[in-house]
> 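Below are the structure tokens for one structure; questions will follow.
Here is how names work: the chains are called A, B, and so on, in the same order as the sequence lines, proteins then strands, and each is numbered from 1. All heavy atoms count here, side chains included; hydrogens, waters and symmetry mates do not.
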Amino acid sequence: MFKLAKKLHAAGVLGINSRNGEYTLKYNDRKYYPLADDKLKTALLAKEMNIPIPEIYTVIDSVGEIHQLHDRVKQHKEFVVKPARGSGGDGIIVVTDRKGDDYIRIGGKVLSQEDLTYHCANILSGMFSLGGVDDKVIIQYRVNFDHCFKDIAFQGVPDIRIIVFLGVPTMAMIRLPTKQSDGKANLHQGAIAAGINMSTGKTLKGVWQNKIISQHPDTGVELAGRLMPHWSTLLHMSARCFELTKLGYIGVDIVLDENRGPLILELNARPGLNIQIANQSGLRERLELIQKHANQLSTVENRIQFCQTYFNDRIQFSESQVN
Amino acid sequence: MKRPSQLATLVVLLFLTGTGIFIFKWIFLDYPLTPQQTPTVWDLEIALKIQAEGGPIKIQTYIPTSQLPFLILDEQLISRGFGASTKKSYSNRRVVWSARDADGRHTLYYRARLQRVNATQQPEVEPPEQDKHPINLSPAQQEAARTVLEHASSLSADKETMIPILLRALDTTTPSPEVRAILGKKTSKLRKLSIAQTLLQQININAHILNTLSLNSGSSGKINQWLEVWDGEERQLYSVGGDQVELSNDIVLWRGTDSLVSISGAKLEQINYQTELSHAHYDQTHLEGAMLLSPVAWKLSLMSLPLQVQNVYKVLIMIPLGLLVLVVMRNFIGFKSFGTFMPVLIALAFRESGVMLGTVLLLVLISVGLLIRFYLSGLHLLLVPRQATIVVTIIVLMMLLSFLFFQSGFDSGLAVSIFPMIIIAMTIERMSIVWEERGATDAIQQLFGSLAISAITIWVISAPYLGHLFFVFPELVLCVSAILILSGRYRGYRLSELIRFRDLTLEAKDV
């Protein structure tokens, strides 16, 4: 057991205690947390800084307004309903179509007007918010996913997660839904995660259920070596989120929209550690390197250059490890 | 860096304070470490049967003094129609019964509960003052005494070896003519001891006669006399035969050659000492012994509080341990649970039902609650009224369970406390969200995580040994907080992460 712990330490794997104690606790000032936790605040700031986000159609912040909901979304066929302070994707409803007065959810389930109002009321009373405090409902543009990953994302929404430490994009992965994950990008529900080479923007091999794989299990398409479209834009956007939130250690979730390009979906002030599994590499080495050079990393350009110089092919897998 | 050294200081300080007070109370104040350690408590009863002759009566008898290794926990004087008081003279204590006018037979009782403590200290007895020549010797006897003393000292090296020789010379079956001259016709034990005392006093040795009562369970106690010889602060007891004695099961009644009872205006018909080993009134008495040893420490202990408050603290003092379990389970092992402190609260709620029954009860309540929650969500109730409804449902459910338990003669299920309903309702709400959003697997996994933490917490906080330890030594909470603070600095992997990231070590090998 201790041997394993030692080996993991040698591999630079970051554990949750270490992430909390040495990174989020130290580099994320409590008072800036709402900028990441409250999606409405994130959106307002992002708009100010010209960082692209999915357009917000309307916000409902009191129960009295709920009945106006159906009027307000009249002109939108597709939209997303989400709690402003939700966590882990809880409480999000994606509407893709209508049928008479009813709404059709992404899986084809029918949602009556009343069902949707009820859901909004639940959001408002804080059912999905951190700590159960009163919340707001955001009605938002539904991202039309770029088709570039259609062959490796089974019926779902691939999203890109970039860990940004002190403004330097540190590690990235793309989460690809599979048949098993039911179109969701959740790793332990069976989605694939593929690490991304920071310097080239190309995917590494995928990790699926703790196994390294080279082809998508549903489509059989090669996973490695796929170039992320708009890679340098992605790096720029994520790097600027440091200025946006002033939080030192964040996870930036980005989706690629067919028409609008990359959009920031949300920021996470306590990003998970699965990204290490996706990249088959520990975070610590990179984080410590950034800490060492922190004083040279004042501009966005510096930081991106830094990340592309240092975080390149060291994480490529050798053939022997592929099962 | 300032923080690590501050942290270390804080942790060490907390830990040392905690263990320091703990060790002090344990070793020096004899607070019991385990609940099993049965204290030796003796019940003593002195009963005097008297025949009053009409007219004023005054009866005095010696009673024990609190003196290590025996402490008097409480005493009673029972004597109808008599005034009673206790009196202290020198190192002795007496009870005085008196009546202006009494007739007929009376029985006067002195009752006491004595506790034997295993204190390591020497008995804190002040050397008593020198007796004023208890026995007057005639000039001829004086002469003989000198010869006896000279003879004894010629056969010995020092005081310590001289005393046994002297006592043996007095106690032999073939006494020398000098000894016979001193003893006279009376050859009782008391006479021999008081002669020895008188002789020793002549050569300036502080000696006394000590009257003790031996404690024997179920039989009447016996009064013994010893020669008590003081050398500065140290004392040594000798039997009449000259052997050195250690008192182990005897309590000191009085010093001197007086008789136990002095009586006027009545006839003493019978005197009876009854001693009985008693295991009753366990907790309280044992600790009262500790109280007598150090009243200040006692005032600062939980046992000095009123009983209801004590009962509250019996629970509260265990919460730090529950939290320690929680921290270990979450931060070191990596269990997932609903809410941060919910498992501890659940454990507190079901503490009295025990691990097994508590877990079963909780599972039943949560499953039924979940079903109702799913049904209610179909009715489109708002959050707060919905949760309130679930709380009410749980109260009704608990009531039904209580009826069921009671009818089947199953008492322990009845141990319901007030606050678990809210906690269960919150757990149900959290669980149903996880269920809807992330699937049943996640929800059940988290439920079992919570249950596992709760079960271990119940087990820890209801362990009688730990409960006793923390209640008697609440300062141990400081040690727990030291551990909690230390664990807050733990940056290593959680056990679950070793499994989660185990494949990443392959990489390490190849680099």
Side-chain angles (χ1 to χ4, degrees), chain A residues 1-22 25 63 86 88-92 112 114-115 117-119 121-128 132 182 184 186 188-189 207 210-212 273-274 276-277 279-282 285 314-315 317-318 320-321 323, chain B residues 1 3-4 7 327-328 330-336 339-340 373 376-388 426 429-430 432-443 445 487-511:
Chain A
M1 209 170 85
F2 292 107
K3 232 173 164 179
L4 187 58
K6 234 180 207 165
K7 275 194 203 159
L8 283 179
H9 193 81
V13 174
L14 199 66
I16 199 101
N17 291 332
S18 178
R19 183 206 73 185
N20 289 341
E22 290 167 47
L25 218 80
V63 183
D90 288 353
I92 297 177
S112 73
E114 210 208 323
D115 287 334
T117 345
Y118 177 56
H119 184 74
N122 274 334
I123 292 176
L124 285 176
S125 55
M127 187 166 143
F128 304 102
D182 198 23
K184 285 181 185 150
N186 194 329
H188 75 261
Q189 282 175 358
V207 173
N210 267 322
K211 277 188 301 229
I212 297 167
L273 299 168
N274 273 331
Q276 300 180 105
I277 298 175
N279 280 275
Q280 290 289 299
S281 164
E285 200 187 347
R314 293 197 50 185
I315 350 103
F317 306 131
S318 59
S320 64
Q321 284 167 283
N323 8 13
Chain B
M1 252 173 104
R3 241 178 256 161
L7 179 102
V327 165
V328 169
R330 285 179 68 100
N331 277 22
F332 289 83
I333 300 179
F335 267 80
K336 282 193 178 136
T340 314
R373 160 69 175 75
L376 287 179
S377 102
L379 296 181
H380 287 190
L381 299 184
L382 290 184
L383 182 73
V384 179
R386 184 176 65 219
Q387 280 191 330
M426 280 160 67
E429 187 64 29
R430 281 294 312 152
S432 68
I433 292 172
V434 176
W435 193 299
E436 281 170 0
E437 298 288 329
R438 296 179 211 172
T441 330
D442 265 39
Q445 209 179 344
S487 65
R489 294 290 301 181
Y490 175 69
R491 300 285 185 266
Y493 299 108
R494 297 176 180 176
L495 201 61
S496 60
E497 286 174 343
L498 294 185
I499 299 160
R500 181 176 163 200
F501 294 129
R502 66 184 180 280
D503 293 332
L504 294 186
T505 55
L506 297 174
E507 177 76 14
K509 268 189 229 156
D510 285 16
V511 169

> Enter the distance from A:Leu14:CG to B:Leu504:CG here, rounded to the nearest 0.5 Å.
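Taking CG in A:Leu14 and CG in B:Leu504, the distance rounds to 11.5 Å.
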
> What part of A:Leu273 gets within 4.5 angstrom of chain B, counting heavy atoms only: side chain, backbone, both, or neither?
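Both backbone and side chain.
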
> Are there over 12 heavy-atom neighbours, none belonging to B:Arg430, within less than 6.0 Å of that residue's CZ?
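Open: at most 12 neighbouring heavy atoms sit under 6.0 Å from CZ of B:Arg430.
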
> Distance check, rounded to the nearest 0.5 Å: A:Met127 atom CE versus B:Gln387 atom CD?
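It comes to 9.0 Å.
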
> Any idea which heavy atoms bring A:Ala121 and B:Leu382 closest together, and the distance?
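Answer, listing the atom of A:Ala121 first, then B:Leu382: CB-CD2, 3.3 Å.
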
> So which of A:Leu4, A:Ile16, A:Asn122 has the biggest tally of heavy-atom pairs under 4.5 Å with chain B?
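So the answer, after comparing A:Leu4, A:Ile16, A:Asn122, is A:Ile16.
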
> With only heavy atoms counted, which part of B:Thr441 is less than 4.5 Å from chain A, the side chain, the backbone, both or neither?
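For B:Thr441, there is no contact with chain A at all, as no heavy atom is under 4.5 Å.
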
> Select one option (side chain, backbone, both, neither) describing which atoms of B:Arg386 are under 4.5 Å from chain A's heavy atoms.
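Side chain of B:Arg386 only, per the 4.5 Å heavy-atom cut-off to chain A.
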
> What is the distance from atom NE2 of B:His380 to atom OG of A:Ser112, rounded to the nearest 0.5 Å?
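Separation between the atoms: 6.0 Å.
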
> For chain A, which candidate among B:Leu381, B:Val434, B:Leu495 shows the most heavy-atom pairs at distances under 4.5 Å?
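That would be B:Leu381.
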
> Quick check for you: among A:Gly91, A:Gly12, A:Gly282, which has the greatest number of heavy-atom pairs under 4.5 Å with chain B?
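Going by pairs under 4.5 Å, I would pick A:Gly91.
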
> If I measure from the heavy atoms of chain A, does B:Ile433 come under 4.5 Å with its side chain, its backbone, both, or neither?
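The side chain, not the backbone.
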
> Measure A:Asn20 against the heavy atoms of chain B and call it side chain, backbone, both or neither at under 4.5 Å.
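Contact with chain B is through the side chain of A:Asn20 alone.
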
> B:Arg491 and A:Ser18: which non-hydrogen atoms are nearest, and at how many Å?
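Result for this residue pair: O-CB, 3.3 Å.
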
> Are any side-chain N or O atoms of B:Asn331 and backbone N or O atoms of A:Asn17, one a donor and one an acceptor, separated by less than 3.5 Å?
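Side chain of B:Asn331 to backbone of A:Asn17, a donor-acceptor pair under 3.5 Å: no, none is there.
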
> Looking at B:Leu379, is its backbone amide N or carbonyl O close enough to the side chain of A:Tyr118 to form a donor-acceptor pair, meaning the two atoms are under 3.5 Å apart?
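Not a single qualifying donor-acceptor pair exists.
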
> Below 4.5 Å from any heavy atom of chain A, which atoms of B:Glu429 appear? Answer side chain, backbone, both or neither.
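Only the side chain of B:Glu429 comes within 4.5 Å of chain A.
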
